[in-house]
2 protein chains.
Amino acid sequence: MAESEEGQDTTRPERISEAEHAVMEALWEHSPLTAADVAGKVGGSRDWSLATVKTLLSRLVAKQAVATEPDGRRFLYRPLLERADYVGGESRRLVDRLFGGRAAPLLAHLAEAEALSDDDIAEIEALLRELKQ
Amino acid sequence: MAESEEGQDTTRPERISEAEHAVMEALWEHSPLTAADVAGKVGGSRDWSLATVKTLLSRLVAKQAVATEPDGRRFLYRPLLERADYVGGESRRLVDRLFGGRAAPLLAHLAEAEALSDDDIAEIEALLRELKQ
DNA sequence: AGCTTCAGATTACATCTGTAGTCGTATGCG
DNA sequence: CGCATACGACTACAGATGTAATCTGAAGCT
């Protein structure tokens with residue numbers, strides 16, 4: 001399944017669905033975890049059966065977003081994809097798709113929608129100060 | 001198809017897929033348009049057949065994101081969903097899902113990924129100044 | 001009046017996603 | 001040693017999505 005010739009794996013990271021992302025969050029928070037552990041962690045927000053969580057884990061392994069290591073009769077799962085990379089990718093996609101790649105309009109939108117608290121604003125100011133050095 | 005009793009339509013706006021969004025962009029840029037017009041406008045970036053565009057338009061009509069008005073033997077399509085609403089919704093979803101609803105971390109991420117140009121930064125500063133009044 | 005043509009409506013179909021259930025088997029308990 | 005279990009693997013299946021092709025009927029051209 002190599003795409004053309006020898007050389008390192010060029011396979012672009014496959015997209016992770018929303019349900020899969022919830023599983024990733026559990027693993028990012030703490031890893032490695034067993035399937036049952038993951039089910040326990042996401043069980044609160046999502047009402048998934050253990051089977052569902054297992055399916056999602058398998059798909060994530062297939063997508064090479066998660067690695068397994070055997071632990072006796074079962075697997076321990078740990079993220080391969082880093083949260084920062086995922087978050088960065090998703091953010092970029094959105095900004096590209098909706099704001100022509102510019103971050104300012106995004107911020108403007110959030111501001112207009114009153115999605116910015118005073119704390120947010122202060123934080124952003126601090127960030128900008130840092131950026132300007 | 002009213003969901004329970006009388007009263008205004010409570011139907012939550014159905015989600016618009018990425019392909020459908022491309023069609024919406026064409027209509028937001030200029031409307032009303034015929035299906036052929038839309039195909040012409042998106043034809044550049046996406047390599048879609050006219051049939052595909054028509055399918056997407058139908059789905060958007062079904063989702064009540066687009067309205068039709070007859071124009072002789074054909075339809076003119078115009079957006080019902082406003083771009084600002086769509087963009088706001090998508091942005092909010094992302095911020096909620098990935099940043100706990102806080103905008104500052106999103107900005108931080110974009111900054112870290114060097115997704116902020118100097119212009120962006122200047123613009124954001126201006127925005128913040130405005131917000132603080 | 002008939003034929004061509006263009007439009008929307010309907011149908012198609014492979015993938016991806018959400019959400020599980022079932023199978024086969026290694027294992028630990030008694 | 002045999003049986004109940006707990007796992008991962010495989011199978012299932014409906015709805016969404018991407019991407020079209022075909023059907024049907026109205027309109028216009030000759």
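If you're wondering where the values come from, they're calculated on a predicted model, not measured in any experiment. Convention: sequence-line order gives letters A, B, ...; per-chain numbering from 1.
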Peer 1: Just verifying a value: how many Å separate B:Leu131 CG and A:Asp120 CG, rounded to the nearest 0.5 Å?
Peer 2: 11.0 Å
Peer 1: Going by an N to O cut-off under 4.0 Å, is there a salt bridge joining A:Glu125 and B:Arg129?
Peer 2: no
Peer 1: Identify the residue among B:Asp37, B:Val66, B:Asp71, B:Leu33 that makes a side-chain contact (heavy atoms from CB on, under 4.5 Å) with B:Tyr77.
Peer 2: B:Val66
Peer 1: CG of A:Leu33 versus P of D:dC7: gap in Å, rounded?
Peer 2: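 It is 14 Å, rounded to the nearest whole Å.
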Peer 1: Classify A:Asp47 by what it touches in the nucleic acid, base, sugar-phosphate, or nothing, heavy-atom distance under 4.0 Å.
Peer 2: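 Sugar-phosphate contact only.
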Peer 1: Can you find a donor-acceptor pair, distance only, under 3.5 Å between A:Arg59 side chain and C:dG18 base?
Peer 2: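 Looking at the base of C:dG18, it does pair with a donor or acceptor on the side chain of A:Arg59 (distance under 3.5 Å).
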Peer 1: Considering every strand and a 4.0 Å limit on heavy-atom distances, what is the contact class for B:Ala36: base, sugar-phosphate, or nothing?
Peer 2: nothing
Peer 1: So, the side chain of A:Trp28 versus the backbone of A:Leu81: is there a donor-acceptor pair under 3.5 Å, distance only?
Peer 2: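 A pair under 3.5 Å: yes.
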Peer 1: State plainly whether the residues B:Arg59 and B:Glu20 are in salt-bridge range, i.e. N to O under 4.0 Å.
Peer 2: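 Here B:Arg59 does not pair with B:Glu20 in a salt bridge, since their nearest N and O are not under 4.0 Å apart.
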Peer 1: Taking the minimum atom-to-atom distance to the side chain of A:Trp48, which one of C:dA20, D:dA21, D:dG8 wins?
Peer 2: C:dA20
Peer 1: Let me know, please, whether A:Gly72 or A:Ser17 comes out on the 5' side of the other along DNA chain C by nearest nucleotide.
Peer 2: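 Its nearest nucleotide being more 5', the pick is A:Ser17.
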Peer 1: Measuring from the side chain of A:Lys54 (C-beta onward, heavy atoms only), which nucleotide among D:dG8, C:dG8, D:dT5 has the closest atom?
Peer 2: D:dG8
Peer 1: Can a donor-acceptor pair under 3.5 Å be found between the side-chain atoms of A:Arg15 and the base atoms of D:dT17?
Peer 2: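 Counting by modelled atom types and ignoring angles, no donor-acceptor contact under 3.5 Å is found here.
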Peer 1: Just the rounded figure in Å: distance from C1' of C:dA7 to CG of B:Leu76.
Peer 2: 12 Å
Peer 1: Which residue lies toward the 5' end of DNA chain C, A:Arg73 or A:Leu56, if each is placed at its nearest nucleotide?
Peer 2: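 Nearer the 5' end of the strand: A:Leu56.
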Peer 1: Where the side chain of B:Phe75 is concerned, which of D:dA21, C:dG8, D:dC7 is the nearest nucleotide?
Peer 2: C:dG8
Peer 1: Rounding to a whole Å, what distance do you find between A:Glu20:CD and C:dG18:C1'?
Peer 2: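 It is 10 Å, rounded to the nearest whole Å.
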Peer 1: Counting any heavy atom closer than 4.0 Å, what does B:Ser58 reach on the DNA or RNA strands: base, sugar-phosphate only, or nothing?
Peer 2: nothing
Peer 1: Let me know the distance between CD of A:Glu18 and P of C:dC16, rounded to the nearest Å.
Peer 2: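 Roughly 18 Å, once rounded to whole Å.
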Peer 1: How close or far is atom P of D:dC7 from atom CG of A:Leu57, stated in whole angstroms?
Peer 2: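 In whole Å, D:dC7 P lies 13 Å from A:Leu57 CG.
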Peer 1: Can you tell me how far P of D:dT5 sits from CG of A:Leu50, to the nearest Å?
Peer 2: 16 Å
Peer 1: Would you classify B:Thr34 as touching base, sugar-phosphate or nothing, given that sugar-phosphate means primed atoms plus P, OP1 and OP2, and contacts are heavy atoms under 4.0 Å?
Peer 2: nothing
Peer 1: Select base, sugar-phosphate, or nothing to describe what A:Ala19 touches, counting heavy atoms under 4.0 Å on all strands.
Peer 2: sugar-phosphate
Peer 1: Once you round it to whole Å, what is the distance between C1' of C:dT25 and CZ of A:Arg74?
Peer 2: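 Result: 17 Å.
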Peer 1: Would you indicate what A:Thr52 reaches in the nucleic acid, counting non-hydrogen atoms under 4.0 angstrom: base, sugar-phosphate, or nothing?
Peer 2: base
Peer 1: How long is the line joining CZ of B:Arg46 and C1' of D:dA20, in whole Å?
Peer 2: 16 Å
Peer 1: Salt bridge check, B:Arg46 against B:Glu25: does any charged N sit closer than 4.0 Å to a carboxylate O?
Peer 2: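 Salt bridge flag = no for B:Arg46 with B:Glu25.
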Peer 1: Ignoring hydrogens and geometry beyond distance, is the side chain of A:Thr55 in donor-acceptor contact with the base of C:dA20 at under 3.5 Å?
Peer 2: yes
